[in-house]
Amino acid sequence: MSTSGQQQFRYTQTPSKVLHLRNLPWDCSDEELVELCKPFGKIVNTKCNVGANRNQAFVEFADLNQAINMVSYYASSSEPAQVRGKTVYIQYSNRNEIVNNQSPGDVPGNVLLVTIEGVEAGDVSIDVIHLVFSAFGFVQKIATFEKAAGFQALIQFSDVGTASAAREALDGRSIPKYLLPEHVNHCHLRISYSAHTDLNIKFQSHRSRDFTNPYLPVNPTAMEGLLQPVVGPDGKKKEPESNVLFASLENMQYAVTVDVLHTVFSAFGTVQKIAIFEKNGQTQALIQYPDLTTAAAAKDALEGHCIYDGGYCKLHLSYSRHTDLNVQAYSDKSRDYTVPESSLLAMQQASAVHAPPAVWHNPQSGPAESSAGYGAASVPGQAPTSHSSSWNPNLQGGGSTFPLAPTRYPGHSYAPPVPGYATAVNPPGSSQQINHNATDGRPFSVSQPFHPSTMPPGAVPPPGHAPYHGY
DNA sequence: AGCACA
């Protein structure tokens with residue numbers, strides 16, 4: 001112990017495959033280091049521009065003997081080691097490997113910093129970002145912002161492994177064109193790691209989202225920009241938008257329950273509230289989302305389509321004048337998913353004890369099978385042909401099944417609903433027609449992965465998704 | 001000219 005503090009200044013250091021080089025040019029490059037050292041062996045790592053004067057460096061050889069060769073050579077050479085004419089002093093490092101040759105953005109973490117090049121903030125919605133990154137695991141939080149570097153997003157995964165998988169797969173790639181507005185030509189992702197581990201999302205808004213906390217309040221000021229009249233890509237003014245959709249249902253061959261609507265509309269984001277009512281013999285419903293963007297995506301994708309195959313329960317969607325529904329938290333015809341979790345759980349338990357939990361596990365109503373939609377979460381069926389150079393693991397090999405889609409439902413076996421969700425829903429931004437003719441009884445395809453935060457109490461989260469209960 | 005990085 002008495003010599004440890006001095007050992008580094010002695011010539012008797014123990015050999016290491018890492019060499020410490022001094023008196024280098026302040027702007028010495030890795031290439032110059034390699035040029036100097038490679039005659040003696042294989043260099044596996046370097047770190048240059050070290051120290052206050054940036055004139056030191058480390059070089060790591062693959063093998064200890066190679067480092068010894070270099071030190072021995074220059075110890076007895078008449079010509080000193082040189083870089084650009086400067087004598088370079090070489091010693092064994094007191095470490096056995098170069099421990100960190102990474103810039104901060106390369107230090108792995110569970111939060112990714114994504115720069116989306118070639119777009120403006122309005123071109124890529126949080127939902128698109130969420131869809132893209134959800135391919136790799138549960139996305140906990142997203143915050144977007146505009147900086148000099150461009151449009152950026154912080155994307156929080158639950159763990160480093162998932163984040164690095166997403167980075168590996170997506171860095172330098174592009175968001176598929178079909179997820180972007182038509183005027184966007186290129187959209188490269190530059191991904192590094194953020195130093196953050198847990199983003200502090202204050203509100204659900206068009207700029208930020210916390211998928212672990214569906215009850216987070218919606219920021220009214222964050223919504224203001226979206227409440228302006230919107231001009232569509234075709235230049236036409238759209239009707240006043242709202243975060244609440246008004247649905248009128250045609251051809252009500254089957255009962256449409258709150259849970260069915262929840263399943264269908266949750267494909268696009270957190271559904272906050274639902275109310276069903278009858279007017280002039282027609283079934284109507286109001287579906288509340290936290291934001292306009294989500295409502296618009298749902299409206300665009302679902303308008304004119306049928307909940308059930310065969311033209312039954314056809315949806316006509318428009319924007320409601322309401323922005324915040326006042327509904328009974330838990331009734332036959334309405335649901336408030338924003339009421340505190342404890343209340344929901346209490347109600348759920350009460351219903352489990354005193355009555356069959358028909359709303360969650362409804363065996364009779366076939367099409368009302370609440371879990372049906374969860375088996376259906378998939379990347380759009382058009383995917384395999386629409387982007388052959390796909391980066392998305394879901395879209396490769398012609399398969400279009402979303403990896404997070406569950407295949408089993410503990411507690412009851414999954415059977416395709418009768419008559420089954422057969423409505424294929426287009427991805428946001430797509431102008432293609434929806435396939436009305438699917439008759440294979442498979443659950444419908446949705447353009448978004450199901451958000452775990454939108455699952456009804458008692459539902460089983462898809463594998464890899466944490467249930468929101470407990471957050 | 002004498003040991004980095006978080």
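Residue numbering restarts at 1 for every chain, and letters A, B, ... go by the order of the sequence lines.
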Under-4.0 Å salt bridge between [X] and [Y]:
| X | Y | answer |
| --- | --- | --- |
| A:Lys202 | A:Asp210 | no |
| A:Glu60 | A:Lys47 | no |
| A:Asp106 | A:Arg167 | yes |
| A:Asp198 | A:Lys141 | yes |

What is the distance, to the nearest angstrom, from the [atom1] atom on [X] to the [atom2] atom on [N]?
| X | N | atom1 | atom2 | result |
| --- | --- | --- | --- | --- |
| A:Asn55 | B:dA4 | CG | P | 13 Å |
| A:Tyr92 | B:dA1 | OH | P | 23 Å |
| A:His20 | B:dC3 | NE2 | C1' | 4 Å |
| A:Asn45 | B:dC5 | CG | C1' | 12 Å |
| A:Leu33 | B:dA4 | CG | P | 16 Å |
| A:Leu24 | B:dA4 | CG | C1' | 13 Å |
| A:Asp106 | B:dC5 | CG | P | 15 Å |
| A:Ile98 | B:dA6 | CD1 | C1' | 16 Å |

Given [options], the nucleotide with the shortest approach to the side chain of [X]:
| X | options | result |
| --- | --- | --- |
| A:Asn94 | B:dC3, B:dA1, B:dA4 | B:dC3 |
| A:Lys47 | B:dC5, B:dC3, B:dA1 | B:dC5 |
| A:Arg95 | B:dC5, B:dA1, B:dC3 | B:dC5 |

Looking at A:Glu117, I'd like to know if its CD atom is crowded, meaning that more than 12 non-hydrogen atoms belonging to other residues, nucleotides or ligands lie closer than 6.0 Å. yes
Judged by each residue's nearest nucleotide on DNA chain B, which is more toward the 5′ side, A:Asn49 or A:Tyr89? A:Tyr89
Reading DNA chain B from 5' onward, which residue's closest nucleotide shows up sooner: A:Asn23 or A:Asn96? A:Asn23
Restricting to non-hydrogen atoms, name the atom on A:Asp30 and the atom on A:Cys48 that form the minimum distance, rounded to 0.1 Å. OD1-SG, 3.4 Å
Test side-chain hydrogen bond (donor to acceptor under 3.5 Å, both in side chains) on A:Thr115 and A:Gln152; report intermediate values, then the result. CA-CA 4 Å; A:Thr115 303; A:Gln152 293 189 309; 2.8 Å; yes
Give, ordered by number, those residues of residues 36-43 of chain A having at least one heavy-atom distance below 4.0 Å to an atom of DNA chain B; if nothing qualifies, reply none. none
